[in-house]
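These numbers come from the heavy atoms of this one structure, side chains and all, not from hydrogens, waters or symmetry mates. In what follows, chains carry the letters A, B, and so on, assigned in the order in which the sequence lines appear, proteins first and then strands, with residues in each chain numbered from 1.
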2 protein chains.
Amino acid sequence: MAAGQGSASEMARALDAAEARCVRSGAQLTELRRQVLALVLEADQPLGAYALLDRLKAQRPGAAPPTVYRALDFLLEQGLIHKVERLNAFIGCVEAGHDHGHDHDHAHDHQFLICGSCGATIELSDHAVAHALADAARRVGFQLRKTTVEAEGLCAACLAAGAGAAVAASPG
Amino acid sequence: MAAGQGSASEMARALDAAEARCVRSGAQLTELRRQVLALVLEADQPLGAYALLDRLKAQRPGAAPPTVYRALDFLLEQGLIHKVERLNAFIGCVEAGHDHGHDHDHAHDHQFLICGSCGATIELSDHAVAHALADAARRVGFQLRKTTVEAEGLCAACLAAGAGAAVAASPG
DNA sequence: GCGAATTCGGTTACTATATAACGCGGGTGC
DNA sequence: GCACCCGCGTTATATAGTAACCGAATTCGC
């Protein structure tokens, strides 16, 4: 388990928060976009566009790649989801789950820790990391626009379960 | 301009250094691998696998995707090149250009700053960034194995040239 | 020398990821 | 009514990456 919404009510709350966010920014969270967002949020790990497409087809038989990519582009723009570049996969943004009214429309800096054993992906919002990177960029005169910080390794649960050995030893 | 070798002699030196590195680790820098490495190094920006393939075909008409991917895998393993995840592209490792004999075979932590205007990609080896990320991971009990830190923005040269406006205005 | 094992790379075919381009229908403004 | 924009269906295609099989060259053991 990693990121999935634990219950239907949590999901409903998250979708409502997303709706509110879109209204505030003058965007429309249409039925399709809502469906795709729900699929991303209910997964307990990042899902690829085609995995999402497969699931979307259950509700929307005619769905094709552009269907899901357009929805994903929208959700990315709205900051409701993130793309995990190392996995070519998409995951809900933890920040978006809160419906506090003040706009933190700024692209919040985040980092991902991806467990190579269980696939859990943890989103961090570590200020020190963001600051260090901003510092390093400034030192060479580079103006940051968007940062991608992702790490692969082993999560605490898998470490405790001795996954370090399991990963090396077992094929499955 | 960003990463390309400035001259034939620099290139030769870099290839010799790569050769030495491979010898030390018991690997073979074959003709194919050398060709692909040269193509990566002579580019002034990260190149995709298929761009490399196109260029490789000039020297090796029969080349196909596996040809270039196998060479790239080898070069990545040897730490001679890096993959830029955001671009699905490959770039020479600045560290590999130096032929100092001591083994820093450890995967050196690096960061990329990608200019959205000119495509230049700057490799940093900022300790503070690496340390901050390691710290953040440790705090949540996550064991790091490989980190990917990439940022998109504007390089100093493009900022000076007023690229901030140019990026918004001109298509080129 | 001869065969087994390994490494390298050519070749074919395929999977996965992502986008281009066209068109339709429904709203909005005038 | 009509021009316009938006959302989305639809078809086709581009780009990225792998699987699987094969043969040549080298090395190793004997």
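Within the structure, the salt bridge (Lys or Arg N to Asp or Glu O under 4.0 Å) test picks out the following pairs touching residues 147-161 of chain A (sequence neighbours left out): E152(A)-R145(B). Applying the salt bridge (Lys or Arg N to Asp or Glu O under 4.0 Å) definition to pairs two or more places apart or across chains, those involving residues 111-132 of chain A are D126(A)-R139(B). Among pairs with a residue in residues 79-90 of chain B, none fulfils salt bridge (Lys or Arg N to Asp or Glu O under 4.0 Å), at least two apart in sequence or across chains.
The separation between L72(A) atom CG and dT17(C) atom P is 12 Å, rounded to whole Å. Between the CG atom of D73(B) and the P atom of dT7(C) there is a distance of 15 Å, given to the nearest Å. The interatomic distance linking E31(B) (CD) with dG9(C) (P) rounds to 10 Å, in whole Å. With rounding to whole Å, Q59(B) atom CD is found 12 Å from dG10(C) atom P. Following rounding to the nearest Å, L87(B) (CG) and dA18(C) (P) show an atom-to-atom distance of 13 Å. Regarding L53(B), its CG atom lies at a distance of 13 Å from the C1' atom of dG10(C), rounded to whole Å.
Considering all non-hydrogen atoms of both residues, T147(B) and D109(B) come closest at OG1-OD1, 2.9 Å.
Applying the 4.0 Å criterion to OP1 and OP2 of dC8(D), one finds that T30(A) has a side-chain N or O inside that range. OP1 or OP2 of dC6(D) has not a single side-chain nitrogen or oxygen of Q28(A) nearer than 4.0 Å. Not one side-chain nitrogen or oxygen of R60(A) sits closer than 4.0 Å to the OP1 or OP2 atom of dC8(D). Regarding contacts with the backbone of dA18(C), a side-chain N or O of N88(A) is found under 4.0 angstrom from either OP1 or OP2.
Taking for each of Y50(A) and A71(B) the nucleotide of DNA chain C with the nearest heavy atom, the 5'-most of the two is the partner of A71(B).
For DNA chain C, the residues of residues 75-86 of chain A within the heavy-atom distance limit of 4.0 Å (strictly under) are K83(A), sorted by number.
With sequence neighbours left out, the side-chain contact (heavy atoms from CB on, under 4.5 Å) criterion links A137(A) to F142(A), L144(A), L113(B). Partners of F74(A) under the ring-ring contact (aromatic ring centres under 6.0 Å, His included) rule, at least two apart in sequence or in another chain, do not exist in this structure. For Q28(B), the side-chain contact (heavy atoms from CB on, under 4.5 Å) test picks out T30(B), R33(B), with sequence neighbours left out. Looking at residues two or more places apart in sequence or on another chain, you find a side-chain contact (heavy atoms from CB on, under 4.5 Å) between R138(B) and D135(B). Every residue two or more places apart in sequence or in another chain that forms a salt bridge (Lys or Arg N to Asp or Glu O under 4.0 Å) with E19(A) is listed here: R34(A).
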Dump the pairs, protein N or O against N or O of nucleotides 10-14 of chain D, anything under 3.5 Å, distances to one decimal.
none

Heteroatom pairs (N/O) under 3.5 angstrom, protein to nucleotides 26-30 of chain C:
none

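The aromatic ring of Y69(A) does not sit over the base of dT19(C), since the test of centres under 5.5 Å and planes under 30° is not met.
Residues V68(B) and L76(B) share a single hydrophobic cluster, defined by chaining ILVMFWY side chains whose heavy atoms lie under 4.5 Å apart.
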Name the atoms and distances for all side-chain donor-acceptor pairs under 3.5 Å in residues 54-67 of chain A, with sequence neighbours left out.
residue : atom : partner : partner atom : Å
R60(A)  : NE   : Q35(A)  : OE1          : 2.9
T67(A)  : OG1  : A64(A)  : N            : 3.0
T67(A)  : OG1  : A64(A)  : O            : 3.1

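Q45(B) places a side-chain N or O within donor-acceptor distance of the main-chain N or O of C118(B), the cut-off being under 3.5 Å.
The listed nucleotides are dG17(D), dA18(C), dC8(C); the one nearest the side chain of R33(B) is dC8(C).
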